[in-house]
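Everything on this sheet refers to the single structure shown next.
Naming convention: chains lettered A, B, ... in sequence-line order (proteins, then strands); numbering from 1 in each chain.
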Number of protein chains: 2
Amino acid sequence: MIEAAAGARRVPVMADVARLAGVSHQTVSRVVNGQDNLRPATRAKVEEAIRQLGYRPNTAARALVTRRSATIGVIGSKSGYWGPSTVHRTIQAAGREAGYFVSSVNLQSLTREELVDAVEHLRNQGVEGIVLISATDEALEVARAQEQWGVPVVVVEGDPARTHWTVGVDQVAGAEAGTRHLVELGHSDIVHLAGPQEWTEGRARLQGWRNAMYAAGLRPSEHVTGDWSAASGFELGRRIAEREDVTAVFAANDQMALGLLRALSEAGRGVPGGERGVSVVGFDDIPEAAYLIPPLTTVRQDFEAVGRRAIEILRAALAGTPEPARLVEPELVVRASTAPPVERNP
Amino acid sequence: MIEAAAGARRVPVMADVARLAGVSHQTVSRVVNGQDNLRPATRAKVEEAIRQLGYRPNTAARALVTRRSATIGVIGSKSGYWGPSTVHRTIQAAGREAGYFVSSVNLQSLTREELVDAVEHLRNQGVEGIVLISATDEALEVARAQEQWGVPVVVVEGDPARTHWTVGVDQVAGAEAGTRHLVELGHSDIVHLAGPQEWTEGRARLQGWRNAMYAAGLRPSEHVTGDWSAASGFELGRRIAEREDVTAVFAANDQMALGLLRALSEAGRGVPGGERGVSVVGFDDIPEAAYLIPPLTTVRQDFEAVGRRAIEILRAALAGTPEPARLVEPELVVRASTAPPVERNP
DNA sequence: CTGTTAGCGCGTTCAA
DNA sequence: TTGAACGCGCTAACAG
């Protein structure tokens, strides 16, 4: 370390600022932390010294003494679906605005092992709280043990019955609205192209579809289950396309709807019109939804609201004044992929 | 703090482990850091004590004394396009695998001010290095001043001439391949639906298109410039659809191609066939590309390779053994949206 | 192979 | 309103 001693440029520390300003390091600390019992002249001197030296407080030292890392962790998943990744980005922005550093870890798969690993990783970093984005059953189970984690955990789209703090969109209401729209157009044979049932969203949307069917006095036919991907929407769509009685499909997300649109198109079944036509409703309102062929009627989720709300809840929990879960309302966006069914000639 | 002293459960520290194991805290440190000059029996004792207490090292204290935060920062953008966000997720995974904590900040817009802010934020956190994902001119300019930042910065899709460390896909080669494919099918009037020209990707793809046109002895017609979104692809596509002479379009990304497909469809111009048909090539190969109507021929980028490579380069830079930039090769994926032009009856 | 000592840079006492 | 002393939990350097 001879070089350092000899004057190689070191990162300036509080003591350097104190020396330059002619005060104690303690006074510098007060300026940095915005305390008000300081003579304006003193403050000015210190601020000038800070500027001149380009001083910045050492986060590690501060964290060590305050026992607060000013960091929160976010657990997302590696798959880049529009919804979760938008929530993730919003959380990062909101977390930073709230004065936190945001550390992320993306899971390859939502297995118990990977999840526990991620939590370990974040706890090692000393995060003050965690937001968990992908709510599968396994994730919820792990999150349930949060008392042991020592830090509050907010689960996005979690099951209120199984997690302490949660935030999300009213998935059931959204699915009901999407299905009801089809019912009101006159459809009665409405198939549900469902999402994976180990996801809370997948289950809730299935439930909403059923609710709306029963409410209309219709018997929900069986549903088919995909994996959120366009590929699965296409594969399952081919089978749906063979069923001439079907006049409408409510898909659990826009990607699957997209694959479905192509399957229908290939099968020569128009969307929405024509004698063998099929109406399609999606879920999410991805940015491309309005530009599909045809433009997709879908249920919009305000992912940014969810992300912001997640941070609000986490902050409240950290402050010791927990807030109740509150659902964000989804909104039906009607475009060109839905229309009344055309009379069929038997 | 009487409660604490009275025995309220504290987070265990190294000294607690040492006491329980009957060794010095230094020995515990050695175990924790995996040094090998330890008697197996001692190590076992310590490990048992660690397990029993649920001890975990305090990152802040370690960072303070080692002057290493074990954290790297990633700067991305709030817009959630497939490419950048895939790279972002991969970087997070690769960074963590390399033993780092990964702190992210997503920019609302890529203005100079926001960028400087993000860098400040990350430096305050004491990150050891930074990966900057969105390479616009402003971003590159800010990155250029990295000598002042005190930490190495890797720019994804940066301009090798203007940034120290960079990694990316050979955009020019990709655009050449996409355009050449159209040329080889027999098209000569190939329009380029370009990306924003302040993005290095946007410029490089334009350049590749031009190169391929000249190489084929064709005169590149003027290009139109979008903003990467499906909306802009649709708007510009409507104008392109009016030009009956155009038989092919090379779009700078898949989202714009998606919007374009709809514009062409609305204008009654088939893709790819028919007398007024238009062939379309995209760029990126988003997961939905294979399920558009028709399935999109496009240039695939290996975003995960880019993300992994970014971490490799950053690690090398941190280790003081910088590696040269190396481009990832893109790959043409031929699907159904391209075909030879049909003879026109004038 | 293991223990002792001395900080890392900062905030929290207290006293002045 | 300001300063001095102390310690946060850990690793580095040395001694044994």
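- Using modelled atom types, one finds no donor on one side chain facing an acceptor on the other under 3.5 Å when comparing B:Arg89 with A:Asn106.
- The separation between A:His25 atom NE2 and C:dT13 atom C1' is 12 Å, rounded to whole Å.
- More than 12 heavy atoms of other residues, nucleotides or ligands shown are found within 6.0 angstrom of CZ on B:Arg96.
- Per the geometry, CG belonging to B:Asp36 stands 14 Å off C1' belonging to C:dT2, to the nearest Å.
- Proximity of residues 59-73 of chain B to DNA chain C (heavy atom under 4.0 angstrom from any strand atom) is restricted to B:Leu64, B:Val65, B:Arg67.
- The main-chain N or O of B:Gly158 is never found under 3.5 Å from a side-chain atom of B:Thr163 such that the two would form a donor-acceptor pair.
- Contact check, B:Asn37 against C:dT2: no side-chain N or O comes under 4.0 Å of OP1 or OP2.
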Would A:Arg67 and A:Glu128 count as a salt bridge (charged side-chain N to carboxylate O under 4.0 Å, His left out) if you check the C-alpha gap in whole Å, the side-chain angles of each, and the deciding distance to 0.1 Å? CA-CA 10 Å; A:Arg67 297 156 179 283; A:Glu128 298 181 24; over 6 Å; no
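- B:Glu323 CD to B:Arg315 CZ: the interatomic distance, rounded to the nearest 0.5 Å, is 10.5 Å.
- Side-chain atoms of B:Arg30 and base atoms of C:dG3 include a donor and an acceptor less than 3.5 Å apart.
- For the pair B:Gln26 CD and D:dG9 C1', the computed distance is 12 Å after rounding to whole Å.
- Rounding to whole angstrom units, CE of residue A:Met14 and P of C:dG7 are separated by 20 Å.
- Remark: the B:Gln92 side chain and the B:Ser104 side chain contain an N/O donor-acceptor pair separated by less than 3.5 Å.
- Checked against D:dT1, C:dC1, D:dC10, the side chain of A:Arg39 finds its nearest nucleotide in D:dT1.
- Side-chain N/O atoms of A:Ser29 include one lying less than 4.0 angstrom from OP1 or OP2 on C:dG11.
- For B:Lys45 and C:dG3, the NZ to C1' distance is 13 Å, given to the nearest whole Å.
- A salt bridge is absent between B:Lys45 and B:Glu48: the closest approach of a Lys/Arg side-chain nitrogen to an acidic carboxylate oxygen does not fall below 4.0 angstrom.
- Checking the phosphate oxygens (OP1, OP2) of C:dT4, no side-chain nitrogen or oxygen of B:Ser24 falls inside 4.0 Å.
- When only modelled atom types and interatomic distance are considered, A:Gln125 and A:Ser103 share a side-chain donor-acceptor pair under 3.5 Å.
- Here A:Val23 lies in heavy-atom contact (under 4.0 Å) with sugar-phosphate atoms only.
- Look at A:Glu141 and A:Arg144 and you find no salt bridge, because none of the NZ, NE, NH1 or NH2 atoms lies under 4.0 Å from a carboxylate O.
- One axis for each end of the helix from C:dC1-D:dG16 to C:dA16-D:dT1, each built from five base pairs, and the angle between them comes to 30° at 10° resolution.
- When heavy atoms are screened at a 4.0 angstrom cut-off, A:Asn58 is found touching the sugar-phosphate backbone but no base atom.
- Rounded to an integer number of Å, the gap from CD of A:Gln35 to P of D:dG3 is 13 Å.
- Among the nucleotides C:dT2, D:dG9, C:dG11, the one closest to the side chain of B:Val13 is D:dG9.
- Taking 4.0 angstrom as the limit, A:Thr42 places none of its side-chain polar atoms (N or O) nearer than this to OP1 or OP2 of D:dT1.
- In this structure, A:Lys78 does not pair ionically with A:Glu114, as no charged nitrogen and carboxylate oxygen lie closer than 4.0 Å.
- Atom P of nucleotide C:dG9 and atom CG of A:Leu53 are separated by 14 Å, given to the nearest angstrom.
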